[in-house]
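Working notes for the structure below.
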Amino acid sequence: MTQLPDPLSRLDRQRQTREALIFAARAVFSEDGYHAASLDRIAREAGFSKGAVYSNFEGKSALFLAVLDRNLELAGDDQSDPFEAPSNPSSTGRDLAEREGYPLPATQGFALATLEFIATAARDDELAPQLHQRLAAVLERYREIARKARPEDDPLSVAEVGALLAALDQGAGLILLAGDALPAPEVFTAGMRRLVDPARAAAEGESGG
């Protein structure tokens with residue numbers, strides 16, 4: 001006789017519901033943007049009632065932050081040394097899309113929704129600290145790149161180099177979302193390398209490395 005699997009615990013069911021809502025929210029935010037997205041549609045796409053959303057999240061902003069946290073987790077492994085691998089902002093969204101199982105346009109759509117959310121959260125006394133917490137996590141990823149690749153005698157601190165890397169990488173991403181042309185990948189890589197270790201970048205550039 002086939003043994004039936006053990007029934008899911010209440011905690012497991014809640015976890016599955018939460019995961020399904022986050023997955024559906026990611027798709028709806030990508031298609032509709034932050035402001036136009038409705039909790040009714042998100043719940044429907046996940047196969048639940050709107051009440052399930054409020055049972056797991058305080059509201060749309062909390063759900064968006066949960067999706068944002070998931071994206072940050074997926075992007076956490078992208079702390080590559082620019083001297084070991086070519087840097088290209090246009091590949092960041094593609095890599096994230098592949099790990100998430102989303103088409104690239106959906107990843108770009110969520111990036112645009114994120115811009116909407118940032119503009120709203122930055123003006124909200126309750127949301128602003130939560131936004132800053134996520135931005136701090138993003139900056140820490142760039143500081144880790146600087147920490148690994150920056151020379152010990154660099155006059156700039158790890159935090160300063162990390163901030164400059166973030167400005168170049170995220171700024172390039174904004175330009176890409178706007179539809180304007182970016183420098184070729186090798187030019188972007190050269191810029192990242194100059195920020196991390198100018199002397200090494202110059203030496204390798206002269207040697208054709």
Side-chain angles (χ1 to χ4, degrees), residues 26 30 64-115 117-118 121-122 128-209:
R26 176 65 166 73
S30 297
F64 190 90
L65 285 170
V67 179
L68 192 60
D69 287 340
R70 179 58 49 82
N71 284 357
L72 290 174
E73 290 175 9
L74 291 170
D77 296 331
D78 290 339
Q79 298 172 354
S80 58
D81 184 336
F83 285 97
E84 296 177 358
S87 301
N88 181 4
S90 64
S91 69
T92 302
R94 188 175 297 108
D95 293 342
L96 185 60
E98 290 176 356
R99 288 196 298 275
E100 294 178 331
Y102 282 99
L104 182 58
T107 298
Q108 293 173 330
F110 186 76
L112 290 171
T114 301
L115 293 181
F117 179 78
I118 289 173
Q130 299 180 66
L131 174 62
H132 294 162
Q133 182 182 359
R134 273 73 180 185
L135 293 177
V138 171
L139 283 173
E140 178 56 32
R141 289 172 48 210
Y142 290 101
R143 283 194 290 267
E144 186 61 25
I145 295 174
R147 197 173 286 117
K148 292 178 179 178
R150 160 185 169 277
E152 293 184 1
D153 61 349
D154 194 325
L156 296 179
S157 68
V158 166
E160 290 170 333
V161 174
L164 290 172
L165 288 172
L168 175 60
D169 197 21
Q170 297 298 319
L174 287 176
I175 295 174
L176 185 63
L177 284 175
D180 292 334
L182 282 173
E186 59 271 16
V187 176
F188 185 83
T189 296
M192 295 285 282
R193 289 174 174 173
R194 286 189 182 187
L195 283 175
V196 172
D197 191 340
R200 182 180 175 188
E204 293 194 3
E206 291 174 359
S207 63

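Note that this is a predicted model, so its numbers are computed, not measured. Numbering starts at 1 and runs along the sequence shown.
Not a single salt bridge (charged side-chain N to carboxylate O under 4.0 Å, His left out) links R194 to another residue, sequence neighbours left out. Every side chain to side chain donor-acceptor pair (under 3.5 Å) that E160 has, sequence neighbours left out, goes to S157. For Y142, there are no ring-ring contact (aromatic ring centres under 6.0 Å, His included) partners at least two apart in sequence or on another chain. Listed by chain and number, the residues in a side chain to side chain contact (heavy atoms under 4.5 Å, CB included) with Q130 are L65, L127, R134 (sequence neighbours excluded). For D154, the side chain to side chain contact (heavy atoms under 4.5 Å, CB included) test picks out R150, P151, L156, V161, with sequence neighbours left out. Every residue two or more places apart in sequence or in another chain was checked for a side chain to side chain contact (heavy atoms under 4.5 Å, CB included) with A163, and none qualifies.
Between R143 and A159 the shortest heavy-atom distance is CD-CA, 3.7 Å. Of all the heavy atoms in A146 and G162, the pair that sits closest is CB-N, 4.0 Å. The minimum heavy-atom distance linking A121 with L131 is given by the pair CB-CD2, 3.9 Å. The minimum heavy-atom distance linking V196 with A149 is given by the pair CG1-CB, 3.2 Å.
Of the inter-residue distances, the one linking I145 atom CD1 with E140 atom CD reads 10.5 Å to the nearest 0.5 angstrom. Going from atom CG of D169 over to atom CG of L174 covers 10.5 Å, rounded to the nearest 0.5 Å.
Between E144 and R141, no side-chain nitrogen of the basic residue sits less than 4.0 Å from a carboxylate oxygen of the acidic one, so the salt-bridge criterion is not met.
A distance below 6.0 Å separates the ring centres of F110 and F64.
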